[in-house]
Number of protein chains: 2
Amino acid sequence: MYRIGELATLCKIKTDTLRFYDKQGLFVPSSRTESGYRLYTKKDAQRLRFILRAKTIGFTLVEISELLSIELDKSNKACADVKSLVDLKLADISQKIEQLHYFKNALQQLSSDCCGGPESAQHCSILEALESTSSAKNRTNNGHHQAHSHATK
Amino acid sequence: MYRIGELATLCKIKTDTLRFYDKQGLFVPSSRTESGYRLYTKKDAQRLRFILRAKTIGFTLVEISELLSIELDKSNKACADVKSLVDLKLADISQKIEQLHYFKNALQQLSSDCCGGPESAQHCSILEALESTSSAKNRTNNGHHQAHSHATK
DNA sequence: ATAAACCTTAGACTTAAATCAAAGGTAAAG
DNA sequence: CTTTACCTTTGATTTAAGTCTAAGGTTTAT
Ligand SMILES: [Zn+2]
Ligand SMILES: [Zn+2]
Ligand SMILES: [Zn+2]
Ligand SMILES: [Zn+2]
């Protein structure tokens, strides 16, 4: 059983945040002491870690709530409902990953095309890199130094 | 040459947003009419699309500015500068992707364990997993339908 | 000539997710 | 017994990225 301060330091967040989550109904301690102290179990801590992970990945608190709150309604919900919600998020994430990959490829192309030397970067273009990855353009010449003149002065 | 309203509708954003970006120095029209109307070229539009794409991926406007400043400044920058900045962003992105993958896997695990049927979610594996968040649970039995009674009634 | 689109500055409001502070307590630990 | 941790409520402030409104004016299009 953790008390609010313990859990907070354990998860590197503020007690304020935990009280905030509590008030929002997002993360309610599974019990209280007689005197009202919040008591969190290890399971609570795991749930919190789940929440925090979800957060760092870009889920909003509302979305996280949604996921967690199906739990409360579960006798009225079908497996289909639950699964579809998860699958929606899954599609979301997949798309984001895809877009990030697209970006990453473009930047990687740019980086590998760039000699990294002290000369002017006139011909290094992020926009062009992104354009070219989107349209699979003429990447025939062997990269940057063909386009660059500075390397072969 | 687009005027602010044209570009806005073209990219499905508000003119307000464009003026905002202008004021922030993030996205300045490449010219103005004599009378002061903003004029955007096709290149501007391209730049804007870049910005919007970057935004949906989760870059902040500041980060996007950084990315673009590489572009604007490039004649004053050396290849080394460009490359190091790009590589920094690359690391960023890679980390983001990694995190997203982590979460995707978690969701996929949940999703694939659920029958997705019309029955009560009372014993839905997804909810059970969220309840306990013990991701490494007894995954020995072949998943959801062992736990469920509804599938084999 | 009138409406629609644009210009400016300036400030208020919004949402999300906190964070901070203050007031006025109770409980737990050394 | 006193300090520290906790409780409550309320309200202010923060950051990001806009959005909205208003006032007062100019330009463009029909
Ligand atoms: Zn280069
Ligand atoms: Zn070079
Ligand atoms: Zn099922
Ligand atoms: Zn299920």
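Each chain gets a letter, A, B and so on, in the order its sequence line appears, and its residues count up from 1. Here the structure is a predicted model, which means the values were calculated and not measured.
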Whole angstroms only, please: what is the [atom1]-[atom2] distance between [X] and [N]?
X: B:Asp16; N: D:dA22; atom1: CG; atom2: C1'; result: 13 Å
X: B:Ile4; N: D:dT28; atom1: CD1; atom2: P; result: 15 Å
X: A:Tyr40; N: D:dA5; atom1: OH; atom2: P; result: 16 Å
X: A:Leu10; N: D:dA5; atom1: CG; atom2: P; result: 16 Å
X: B:Ile51; N: D:dA17; atom1: CD1; atom2: C1'; result: 13 Å
X: B:Phe27; N: D:dA17; atom1: CZ; atom2: P; result: 17 Å
X: B:Arg19; N: D:dT19; atom1: CZ; atom2: P; result: 12 Å
X: B:Asp22; N: D:dA17; atom1: CG; atom2: P; result: 17 Å

If you pin B:Lys14 and B:Phe59 to their nearest nucleotides in DNA chain D, which one's is more 5'?
B:Phe59
Pairwise 5' ranking along DNA chain D for B:Arg3 and B:Phe20, keeping only the more 5' one
B:Phe20
Do the charged groups of A:Arg47 and A:Asp44 touch, with an N to O distance under 4.0 Å?
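The answer is yes: the pair qualifies as a salt bridge.
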Ion pair check, B:Arg19 and B:Asp22, cut-off under 4.0 Å:
no
First and last nucleotide of DNA chain C, 5' to 3', lying under 4.0 Å from heavy atoms of chain B
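Result: C:dA5 to C:dT8.
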What is the nucleic acid contact for A:Thr33, judged by heavy atoms within less than 4.0 Å: base, sugar-phosphate only, or nothing?
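Here A:Thr33 touches no strand at all.
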Answer with base, sugar-phosphate or nothing: what part of the nucleic acid does B:Lys23 contact at a heavy-atom distance below 4.0 Å?
nothing
Minimum-distance pair of heavy atoms, taken over all atoms of B:Leu61 and B:Tyr21
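For B:Leu61 and B:Tyr21, the tightest heavy-atom pair comes out as CD1-CE2, 3.8 Å.
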How about A:Tyr37 and A:Tyr2: are their ring centres within less than 6.0 Å of each other?
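When the ring centroids of A:Tyr37 and A:Tyr2 are compared, they turn out to be at least 6.0 Å apart.
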Just to confirm, is there a sub-4.0 Å distance from OP1 or OP2 of D:dT8 to any side-chain nitrogen or oxygen of A:Arg38?
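A:Arg38 to D:dT8 OP1/OP2: side-chain N or O found under 4.0 Å.
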Side-chain N or O of B:Tyr21 less than 4.0 angstrom from OP1 or OP2 on D:dG18?
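Answer is yes, contact under 4.0 Å.
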Validate the cation-pi geometry between B:Lys96 and B:Phe59: distance from NZ or CZ to the six-membered ring centre under 6.0 Å, angle to the ring axis within 45°.
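Yes; both conditions hold, so B:Lys96 lies above the ring face of B:Phe59.
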Check whether any side-chain N or O of B:Ser125 sits under 3.5 Å from a backbone N or O of B:Asp113 as a donor-acceptor pair, and report yes or no.
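Yes; at least one donor-acceptor contact below 3.5 Å.
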Relative to the 5' end of DNA chain C, which residue comes earlier, A:Thr17 or B:Thr15, by the nucleotide with the nearest heavy atom?
B:Thr15
B:Glu98 CD: over 12 foreign heavy atoms closer than 6.0 Å:
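No, CD of B:Glu98 has 12 or fewer neighbouring heavy atoms, counting only those of other groups under 6.0 Å.
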Report the nucleotide, chosen from D:dA5, D:dT28, D:dG18, that has the shortest atom-to-atom distance to any side-chain atom of A:Tyr37.
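When the side chain of A:Tyr37 is considered, D:dA5 is the closest of D:dA5, D:dT28, D:dG18.
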